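A quick write-up on the structure given underneath.
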Amino acid sequence: MALFVLVAPLVAQDGFRQQRDRMVEQQIRQRGITSPSVLAAMSEVPRHRFVDSRYWDRAYEDQALPIGDAQAVPQPYLVALMTSLLELDGDERVLEIGTGSGYQAAILARLAGQVYSIEILEDLGDRARRTLDDLGFRNVEVVIGDGYRGLPDAAPFDGILVTAAPARVPQPLLEQLKVGGRMVIPVGEYFQDLLVITRTAEGFEEQRIDLVRLEPMTGEAQRDPE
């Protein structure tokens, strides 16, 4: 078995700590997310570094922010919620579908042993890779490609987090979950059901968490037959 060692990101003092602490308290903890590890990760990762500098003064507000290529970094609460639903212990192998700016991958990297993140847009993925490297995240591998089929060469995964919404759950992602593993995924059209799917020895158990609004999954997911 491969051993993955988490190297703590070398995040400098950036002057935004008070804003992050306020974000965590007012937007996340007060909405019911109490996992100490998730709250700590949200406090430590500098969200402003994952958006254009012209949005730095809004980086810790309760909203999604544009990151170019018609994409956005999700609302902090949604990042924290989806992360907490994976129930990570610290040494898992996690697959993220939809790297975007890299912010969600950075949060996952504070909580898991190894993170693989797939981004379909090459320019966006390259920018995310540079940002993660600059901040010292060494346990994240950004892959450019279509996330519909996951990453079979690195499977199976303890957790899969999907940040873009397919109309249906992609079968290849289900197949890449370990028994006992969890997938967090928004499924649907304009509004989506946020689901937690757990693989068991007998099959899959599905739990609906909430109604959310995320960008649609592009690529092969758009050609997935009914």
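What you are looking at is a predicted structure, and each value in this text was computed from that prediction instead of being measured.
- For the atom pair OG of Ser43 and CE of Met23, the computed distance is 6.5 Å after rounding to the nearest 0.5 Å.
- Side chain to side chain, Arg20 and Tyr60 meet the donor-acceptor criterion of an N or O pair below 3.5 Å.
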Assess whether side chain to side chain contact (heavy atoms under 4.5 Å, CB included) is satisfied between Ile97 and Met217, documenting all intermediate values. CA-CA 9 Å; Ile97 308 299; Met217 183 182 286; 3.8 Å; yes
Can you check side chain to side chain contact (heavy atoms under 4.5 Å, CB included) on Val45 and Arg110, steps first, answer last? CA-CA 9 Å; Val45 174; Arg110 296 305 300 252; 3.9 Å; yes
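- In this structure, CZ in Arg47 is found 12.0 Å from CZ in Phe16, a value given to the nearest 0.5 Å.
- Between the side chain of Asp146 and the backbone N or O of Tyr148 there is at least one donor-acceptor pair closer than 3.5 Å.
- With contacts defined as side-chain heavy-atom distances shorter than 4.5 Å, the pair Leu39/Arg29 qualifies.
- Looking only at distances, a side-chain donor or acceptor of Glu119 sits under 3.5 Å from a matching main-chain atom of Gly100.
- Atom CZ of Arg149 and atom CG of Leu173 lie 10.0 Å apart (nearest 0.5 Å).
- Taking CD of Gln104 as the start and CE of Met82 as the end, the distance is 6.5 Å to the nearest 0.5 Å.
- Taking a cutoff of 4.0 Å between a charged side-chain nitrogen and a carboxylate oxygen, Asp133 and Arg130 do not qualify as a salt bridge.
- Of the possible polar contacts, none joining the Gln114 side chain to the Asp91 backbone as a donor-acceptor pair under 3.5 Å is found.
- Between the side chain of Glu87 and the main chain of Ser84, no donor-acceptor pair closer than 3.5 Å is present.
- Although no hydrogens or angles enter the test, the distance criterion places a donor-acceptor pair under 3.5 Å between the side chain of Gln176 and the main chain of Leu151.
- When all heavy atoms of Ile185 and Pro170 are compared, the pair lying nearest together is CD1-CD, 3.8 Å.
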Should Ile197 and Leu174 be marked as a side chain to side chain contact (heavy atoms under 4.5 Å, CB included) after you check the CA-CA gap, both sets of side-chain angles, and the distance that decides it? CA-CA 8 Å; Ile197 300 172; Leu174 292 173; 3.8 Å; yes
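- In this structure, CG in Leu108 is found 6.5 Å from CG in Leu88, a value given to the nearest 0.5 Å.
- Taking a cutoff of 4.0 Å between a charged side-chain nitrogen and a carboxylate oxygen, Asp62 and Arg31 qualify as a salt bridge.
- In this structure, Asn139 contributes its side chain and Ala109 its backbone to a donor-acceptor pair below 3.5 Å.
- For the pair Val94 and Ala112, the tightest heavy-atom approach, listed with the atom from each and the gap, is CG2-CB, 3.7 Å.
- With a 4.5 Å cut-off on side-chain heavy atoms, Leu86 and Glu92 do not count as touching.
- For the pair Arg199 (side chain) and Glu175 (backbone), a donor-acceptor distance under 3.5 Å is present.
- Counting all heavy atoms, side chain and backbone alike, Val212 lies closest to Pro186 at CG2-CB, 3.9 Å.
- Checked by atom type, the side-chain pair Glu141/Ser117 shows no donor-acceptor distance below 3.5 Å.
- Looking at heavy atoms from C-beta onward, Leu85 lies in side-chain contact with Ile209 at the 4.5 angstrom threshold.
- Proximity of a side-chain donor or acceptor of Arg129 to a complementary backbone N or O of Val142 within less than 3.5 Å is detected.
- Using a 4.0 Å cut-off between charged nitrogen and carboxylate oxygen, Asp21 and Arg17 count as a salt-bridge pair.
- Scored by the side-chain hydrogen bond (donor to acceptor under 3.5 Å, both in side chains) test, Arg213 finds no partners at all (sequence neighbours excluded).
- Pro156 and Leu177 get closest at one heavy-atom pair: CB-C, 4.3 Å.
- The hydrophobic cluster around Leu211 extends to Tyr190, Phe191, counting ILVMFWY residues whose side-chain heavy atoms fall within less than 4.5 Å of a member.
- Listed for the Gln222 side chain is a donor-acceptor partner under 3.5 Å among the backbone atoms of Gly219.
- No donor-acceptor pair closer than 3.5 Å links the side chain of Thr99 to the backbone N or O of Gly102.
- Looking at every heavy atom in both residues, Ala59 comes nearest to Val51 through CB-CG2, 4.4 Å.
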Between Leu81 and Ile33, does the side chain to side chain contact (heavy atoms under 4.5 Å, CB included) criterion hold? Intermediate values first, please. CA-CA 7 Å; Leu81 173 63; Ile33 296 176; 3.9 Å; yes
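- At least one side-chain heavy atom of Pro46 sits under 4.5 Å from a side-chain heavy atom of Leu135.
- We find the OH-CG distance between Tyr116 and Leu95 to be 10.0 Å, quoted to the nearest 0.5 Å.
- Ion pair Asp158/Arg93 not flagged as a salt bridge, since none of the NZ, NE, NH1 or NH2 atoms sits closer than 4.0 Å to an Asp/Glu carboxylate oxygen.
- The closest side-chain heavy-atom distance from Val196 to Arg182 is below 4.5 Å.
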